Each structure stands twice: as structure tokens, then as C-alpha cells.
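To start, the structure itself, in C-alpha cells.
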Protein chains: 2
Amino acid sequence: MALSEKKRALIEKIGVHFEFKGMQPLFGRILGLMLVHERAEVTFDEIVEELNVSKSAVSNALTFLQATGKVAYHTKPGDRKRYFHLPMKDFTSDMEKELMEIVKFEEVLEEVLVERGETNADFNCSLKEFLNFIKFIKMEIPVLIEKYKQQKGS
Amino acid sequence: MALSEKKRALIEKIGVHFEFKGMQPLFGRILGLMLVHERAEVTFDEIVEELNVSKSAVSNALTFLQATGKVAYHTKPGDRKRYFHLPMKDFTSDMEKELMEIVKFEEVLEEVLVERGETNADFNCSLKEFLNFIKFIKMEIPVLIEKYKQQKGS
DNA sequence: ATTTTGGTTCTGTAATTACAGAATTAAAAA
DNA sequence: TTTTTAATTCTGTAATTACAGAACCAAAAT
């Protein structure tokens, strides 16, 4: 299955996307390959061949991606290969985690506020406002996601 | 102004937080210093001394942090120094940008869907569902932030 | 006019990252 | 039993990152 030029370009684009999120380049490209691949699943060797990388790199990448829940695999009867794929079932909770990661800063800011003296009332006030805002977002994100699930179900 | 041990620890913690977001360690520690500092503003030299880093490192960091809008400075009459600080006014739009960054993936996924054939209806369907979800979140985030502003104003 | 202050820019480097390649292993096939 | 397949693990390395240090520069103070 030779990939089209367009698909190859997309894999690179997806790779860059995940690289921006702190992942190693190859890790993101593997996710990209799974996304654009017709079967939406790839074997170890297919990754090696399509992306032109070493087996060691693929092995490390798959170990990491599986450990972090980004990738899973299934097997087929009478076939020794593993078929790696994206676990698409629960993307909502994935997204929720990502969104909540941003508001994690709340905890640190709370500590900052405790540690700060009273000499700079203006700044302390801004900080408190910011904290209120973060807390608001933190509370509303799960509500938002629940709202989506409701709407979808109806 | 000698910083307390607790504040120093907090600076490191904040540094790690921003390092996780892809920033250089020092960049995050400078933001941390500004957060815990009583005056909530620091001079170039104060950064050098409190964080025990070179002037070049501080210069580079401040250039970057100002370019990306994370840091600003003001001056004082009869004082040549710049007083660097966090621009706390518009943290809501900062947060909005961060949240919207996550849903940027929508654009790439849309391209993926266009490029995929019809052979894997199941996967394509999951992809479409995921896209719907991302679009929903993308639409609702600005609404959420507006809601906060309303509530605060009243 | 020269020195000092506040900061920048350039050059080098230790440490880390992101792999490649070879050796290795474990299970299944021949 | 030997060989093949599917993957892992270990070792090395090119490239990049995150700084330090020194030289430099411009404006203000002396």
C-alpha cells in the first residue's frame, strides 16, 4: 500500500503538530500514519518501511505510545504480527485530560498566593481574579463535555 | 530582598510547569520569580542574582518572553533600569488562546478525512464523531469565557 | 571626556535528544 | 531441531538545546 504524496505530507504535518506538544518527531509521525492509513492500523514492519526509520526507534516509540494510552494493538488469528492502532473510543476523556492540564496551573498559583505578603495588594488582587477565572474554567469543562454527550445521545 | 526557601522552591516548581509546556527551564523560572516576588517586578540584575544565571541567558530569555507577550516592562522616572513584570491585565485571552491551541488539531483531522478513502467506514465514522466533538468544544470555549466575564461584571 | 550602568551579541560547550545499527530474545514455523 | 519472524535492548552518535563567558555597545552619570 503505497501512500499518496498528500498522505505523506499529512503525516509530516501531524508529526509537527505533536512535536509542538512536546513529543518526539517520530512519535507524532507514527500517530499520523495510523490516522491516514486506509486500514487505520499498521504493523511494526509497515511503520519501519513507510516512515523509513529503524526498528529500535519504532520499538521505543510504540512502547511510549502504548504506555501513555495513545496507541493500542490487536492481533489476528493465525497471524503473529501486532496491529497497532489509535484507540478512538474514548477521545472525549482524552480531550478532557488535555484541557484540564492547562488549568493545572491553578494549584501552583494557589501556593504562590499563600506565600505572598500583603505589600502588593494590586498584584495580589489580579492574582486572585486570575485564580477565580481558572477555577471557573476548571469547573465548566466537565459540564461542557457532559453537555456534548447529552446532545449526541438525544 | 532575600527570597524565602519556600519561594525559591515555588520558583523551581513554576519553572518545571512551564518546561513541561515546552519552554526553556530558565524562561519558566523567570516567570516564577516575577510571580513570587513581593514587588511583582524585577530588574535585569535581580534576575541574574536571584536565579544565579548569566546575563546572556537573562537577555535571551527576556527577549523571548517579551516577544511572546509573557513579560512586559515599565520604567521609573530618574531610573535607567527596566522593571520586568507579568502583564496580568488580560489573562483571560491568554487562557483562551491556550485552550484554542488544543482544538487546532481539528484542521489537520479535517484534511485527514478528506484524504481517506471509503474502505474503512468504522474508522471514518469515529473520526467524524471526534471532529464533531472538537468543533463543539471550539465553539463553546469563547461562550464559556464570555459567560465568566458577564458573571464577573454583574 | 571618560567611566559606569544596563543590557546585547557572539562564541563555545556540556548535557540532552532522537535517533541508527547491531546484537539479542522469544515464540512460532518449517 | 533449526530457522524464521516479530520485536526488544544495548551501544554509539549527529544534532540540538540551554546555557556560560567575554566582548561589545549605547546612553547616562561623573
Side-chain angles (χ1 to χ4, degrees), chain A residues 1 11-12 14-34 37 39 41-68 70-85, chain B residues 1 11-12 14-34 37 39 41-68 70-85:
Chain A
M1 220 257 332
I11 289 172
E12 295 307 313
I14 294 163
V16 170
H17 176 87
F18 284 103
E19 208 176 334
F20 252 78
K21 290 197 177 179
M23 268 191 196
Q24 289 184 21
L26 175 59
F27 294 12
R29 265 181 277 144
I30 289 177
L31 299 179
L33 177 58
M34 290 169 181
H37 195 281
R39 294 197 324 269
E41 61 179 21
V42 280
T43 65
F44 190 98
D45 286 331
E46 283 175 328
I47 298 172
V48 167
E49 282 156 36
E50 296 291 3
L51 301 183
N52 273 298
V53 285
S54 67
K55 292 204 291 169
S56 61
V58 172
S59 180
N60 284 329
L62 289 176
T63 300
F64 175 87
L65 291 170
Q66 289 176 94
T68 54
K70 307 276 182 195
V71 159
Y73 74 80
H74 59 104
T75 49
K76 297 179 180 186
D79 188 345
R80 208 132 65 86
K81 285 173 200 152
R82 292 172 193 168
Y83 290 81
F84 298 96
H85 61 92
Chain B
M1 221 256 332
I11 289 172
E12 295 307 314
I14 294 162
V16 169
H17 176 87
F18 285 103
E19 208 177 335
F20 252 77
K21 290 197 176 180
M23 269 193 195
Q24 289 184 20
L26 175 59
F27 295 10
R29 266 182 276 145
I30 289 177
L31 299 179
L33 177 59
M34 289 170 182
H37 195 282
R39 294 196 325 269
E41 62 179 21
V42 280
T43 65
F44 190 99
D45 285 332
E46 283 176 328
I47 299 172
V48 168
E49 284 156 34
E50 296 292 2
L51 301 184
N52 273 299
V53 286
S54 67
K55 292 206 291 171
S56 62
V58 172
S59 180
N60 284 329
L62 289 175
T63 299
F64 175 87
L65 292 170
Q66 289 176 94
T68 53
K70 307 276 181 196
V71 159
Y73 75 79
H74 58 104
T75 49
K76 297 180 181 187
D79 187 345
R80 207 134 65 85
K81 284 171 199 152
R82 290 171 194 170
Y83 289 81
F84 299 94
H85 62 91

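No experiment lies behind these values; they were computed from the predicted model shown. The analysis underlying the following values was restricted to heavy atoms, covering all of them including side chains, and did not include hydrogens, waters or symmetry mates. Residue numbers start from 1 in every chain, and the chains themselves are labelled A, B, ... in the order their sequence lines are given, proteins ahead of strands.
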Rounded to whole angstroms, how far apart are [atom1] on [X] and [atom2] on [N]?
| X | N | atom1 | atom2 | result |
| --- | --- | --- | --- | --- |
| A:Met23 | C:dC19 | CE | P | 13 Å |
| B:Ile30 | D:dA18 | CD1 | P | 13 Å |
| B:Glu19 | D:dT17 | CD | C1' | 11 Å |
| B:Asp45 | C:dG6 | CG | P | 6 Å |
| B:Ile47 | C:dG7 | CD1 | C1' | 11 Å |
| B:Leu26 | C:dA14 | CG | P | 20 Å |
| B:Phe44 | C:dT4 | CZ | C1' | 16 Å |
| A:Glu49 | D:dA7 | CD | C1' | 14 Å |

Run the salt-bridge test on B:Glu46 and B:Lys81 with the 4.0 Å N-O cut-off and return the result as yes or no.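 No salt bridge links B:Glu46 with B:Lys81.
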For nucleotides 26-30 of chain D, print each protein N/O atom paired with a nucleotide N/O atom at under 3.5 Å, atom names and distance only.
none

Hey, which sits more toward the 5' end of DNA chain C by its nearest nucleotide, B:Tyr83 or A:Arg29?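 By nearest-heavy-atom nucleotide position, the 5'-most residue is B:Tyr83.
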Should [X] and [Y] count as side-chain neighbours, where that means a heavy-atom distance under 4.5 Å?
| X | Y | value |
| --- | --- | --- |
| A:Lys76 | A:Glu41 | yes |
| A:Lys70 | A:Phe27 | no |
| A:Thr75 | A:Tyr73 | yes |
| B:Asn60 | B:Phe64 | no |

Is there a side-chain polar atom (N or O) of B:Arg82 under 4.0 Å from OP1 or OP2 of C:dT8?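 For C:dT8, OP1 or OP2 has a side-chain N or O of B:Arg82 closer than 4.0 Å.
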Specify the residues of residues 55-64 of chain A, ordered by number, for which at least one heavy atom lies under 4.0 angstrom from an atom of DNA chain C.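 Only A:Ser56, A:Ala57 qualify.
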Looking at residues at least two apart in the chain, or sitting in another chain, which of them share a side-chain contact (heavy atoms from CB on, under 4.5 Å) with B:Phe20?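 So B:Phe20 forms a side-chain contact (heavy atoms from CB on, under 4.5 Å) with B:Val16.
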For A:Val58, enumerate each residue passing the side-chain contact (heavy atoms from CB on, under 4.5 Å) test, keeping only those at least two apart in sequence or located in another chain.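 Checked A:Val58 against side-chain contact (heavy atoms from CB on, under 4.5 Å); matches are A:Phe44, A:Ile47, A:Val48, A:Val53, A:Leu62.
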Both A:Lys81 and B:Phe27 contact DNA chain D. Taking the nearest nucleotide for each, which residue is further toward the 5' end? A:Lys81
Which pairs, with at least one residue in residues 54-65 of chain A and sequence neighbours excluded, count as a salt bridge (Lys or Arg N to Asp or Glu O under 4.0 Å)? none
Pairing residues for B:Thr63 by the side-chain hydrogen bond (donor to acceptor under 3.5 Å, both in side chains) criterion, not counting sequence neighbours: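 Partners of B:Thr63 by the side-chain hydrogen bond (donor to acceptor under 3.5 Å, both in side chains) criterion come out as none, since no residue qualifies.
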